[in-house]
Structures are given as C-alpha cells and as structure tokens.
Student: 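What follows is a single structure, and I will ask about it in a moment.
Quick note: numbers below take in every heavy atom, side chains included, and nothing from hydrogens, waters or symmetry partners. Residue numbers start at 1 and run along the sequence shown.
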Amino acid sequence: ERVDEALQREVAEETGLPVTVLRVAGAAESEMAERKIAYLILEAVAGTDEVVLSDEHDQFLWVTPEELADIELSSQFCSFARAYARNLLQPEY
C-alpha cells in the first residue's frame, strides 16, 4: 500500500472524511531507548467537514493556522506545527 493510500484509508476509518493528499509537508522524529521513530507528515484536504469518529475516538478539533501553534501536541510535532502554521500565515513567494 502506498503511503498516500494508507493515509486516505486511515483518515476515512478514523474520521469518515474522504481526503486528497496534496504533498509531503515535512517530517518529525522521536527516540525511544531501543529505536528511533520517523514520521512523514502529509498535507491533505478533506472532501467534507462532516466528521464521524470511529469508536476509538471521542473528540476532534478543527483549528485555524493561528491556533495550530498553540494547541497541545506530542513533543515531536511541536516545532513542525509552529513552522507549518507560520508558513501558512506568511507564505514565501
């Protein structure tokens, strides 16, 4: 399964949202005692805003670029989220 197909499948399973992958937006990593984990972060657009969460989840949150840098995320994603939000607010031309 290609990574974009896996993302589409997982997002649909967990949220009911159909998504179209736009691009690789970045990467992040974390370290555990016995391994390093790499995360590939993809940018996608949802085909609807009607979320239907799977039984594994009990809430979700839509945020604006301004809010993205201030929400609580796992530590390995904080610097990426800040830079991504900054780029959305002040794109390089």
Side-chain angles (χ1 to χ4, degrees):
E1 182 176 40
R2 294 185 342 218
V3 69
D4 59 328
E5 292 170 338
L7 177 74
Q8 291 170 320
R9 178 182 48 74
E10 282 294 325
V11 170
E13 288 175 5
E14 302 298 333
T15 67
L17 293 171
V19 296
T20 301
V21 177
L22 301 177
R23 67 185 182 100
V24 173
E29 66 181 22
S30 62
E31 289 192 46
M32 300 174 74
E34 65 283 350
R35 69 182 76 139
K36 184 179 275 196
I37 302 170
Y39 303 92
L40 182 62
I41 302 168
L42 302 176
E43 182 177 330
V45 62
T48 180
D49 62 358
E50 296 180 33
V51 176
V52 179
L53 293 178
S54 71
D55 292 340
E56 297 176 22
H57 307 283
D58 56 12
Q59 61 182 336
F60 71 96
L61 178 66
W62 292 110
V63 297
T64 65
E66 293 87 357
E67 298 166 324
L68 179 60
D70 296 324
I71 64 172
E72 186 176 327
L73 296 172
S74 298
S75 61
Q76 66 266 32
F77 301 116
C78 289
S79 62
F80 170 81
R82 284 189 208 98
Y84 184 77
R86 189 172 43 252
N87 188 48
L88 289 175
L89 295 169
Q90 300 171 356
E92 296 176 15
Y93 293 102

Student: What heavy-atom pair brings Ala85 and Ala69 nearest, and what distance separates the two atoms?
Tutor: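 Looking at all heavy atoms of both residues, the closest pair is CB-N, 4.3 Å.
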
Student: Considering non-hydrogen atoms only, spot the tightest contact between Ala81 and Leu68 and give its length.
Tutor: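 Answer, listing the atom of Ala81 first, then Leu68: O-CD2, 3.7 Å.
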
Student: Under 3.5 Å, side chain of Glu14 to main-chain N/O of Ser54, donor-acceptor pair present?
Tutor: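 Pair absent, no side-chain N/O of Glu14 close to backbone of Ser54.
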
Student: Can you say whether the rings of Phe80 and Tyr84 are parallel (under 30°), tilted (30 to 60°) or perpendicular (over 60°)?
Tutor: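 Rings of Phe80 and Tyr84: parallel, as their planes differ by under 30°.
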
Student: Honestly curious: do Leu22 and Leu42 fall in one hydrophobic cluster under the side-chain, below-4.5 Å linking rule?
Tutor: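 Each belongs to a different hydrophobic cluster.
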
Student: For the CD atom on Gln59, are there more than 12 heavy atoms of other groups (residues, nucleotides or ligands in this structure) within a distance under 6.0 Å?
Tutor: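 Open.
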
Student: Any chance CD of Glu50 has more than 12 other-residue heavy atoms, nucleotides or ligands included, within less than 6.0 Å?
Tutor: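 For Glu50, atom CD is not crowded (no more than 12 foreign heavy atoms under 6.0 Å).
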
Student: Are Leu61 and Ile41 co-members of a hydrophobic cluster defined by side-chain heavy atoms under 4.5 Å apart?
Tutor: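 Yes: a chain of side-chain contacts under 4.5 Å links Ile41 to Leu61.
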
Student: Answer yes if Val11 and Leu53 sit in the same cluster of Ile, Leu, Val, Met, Phe, Trp and Tyr residues linked by side chain heavy atoms under 4.5 Å apart, and no otherwise.
Tutor: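 Per the 4.5 Å side-chain linkage, Val11 and Leu53 are co-clustered.
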
Student: State the CD-CG distance between Glu1 and Leu7, to the nearest 0.5 angstrom.
Tutor: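 The CG atom of Leu7 is 10.0 Å from CD of Glu1, to the nearest 0.5 Å.
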
Student: Enter the distance from Arg9:CZ to Arg2:CZ here, rounded to the nearest 0.5 Å.
Tutor: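 Reported to 0.5 Å precision, the distance equals 13.0 Å.
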
Student: To the nearest 0.5 angstrom, please state how far the CG atom of Asp70 sits from the OG1 atom of Thr64.
Tutor: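 These two atoms lie 9.0 Å from each other.
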
Student: Less than 6.0 Å separating the ring centroids of Tyr39 and Phe77?
Tutor: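 Yes - the distance between ring centres of Tyr39 and Phe77 falls below the 6.0 Å cut-off.
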
Student: Can you get from Leu88 to Ile71 by hopping between Ile, Leu, Val, Met, Phe, Trp and Tyr side chains that sit under 4.5 Å apart?
Tutor: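 Per the 4.5 Å side-chain linkage, Leu88 and Ile71 are co-clustered.
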
Student: Kindly compute the distance separating CG (Asp4) from CZ (Arg23), expressed to the nearest 0.5 Å.
Tutor: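 One gets 15.0 Å once the value is rounded to the nearest 0.5 Å.
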
Student: Testing the basics here: between Ala44 and Val19, what is the closest heavy-atom pair and its distance to 0.1 Å?
Tutor: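 Minimum heavy-atom contact is CB-CB, 4.1 Å.
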
Student: In this structure, would Leu73 and Trp62 fall into the same cluster of hydrophobic residues linked by side-chain contacts under 4.5 Å?
Tutor: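 No, it is not one cluster - the side chains of Leu73 and Trp62 are not joined through contacts under 4.5 Å.
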
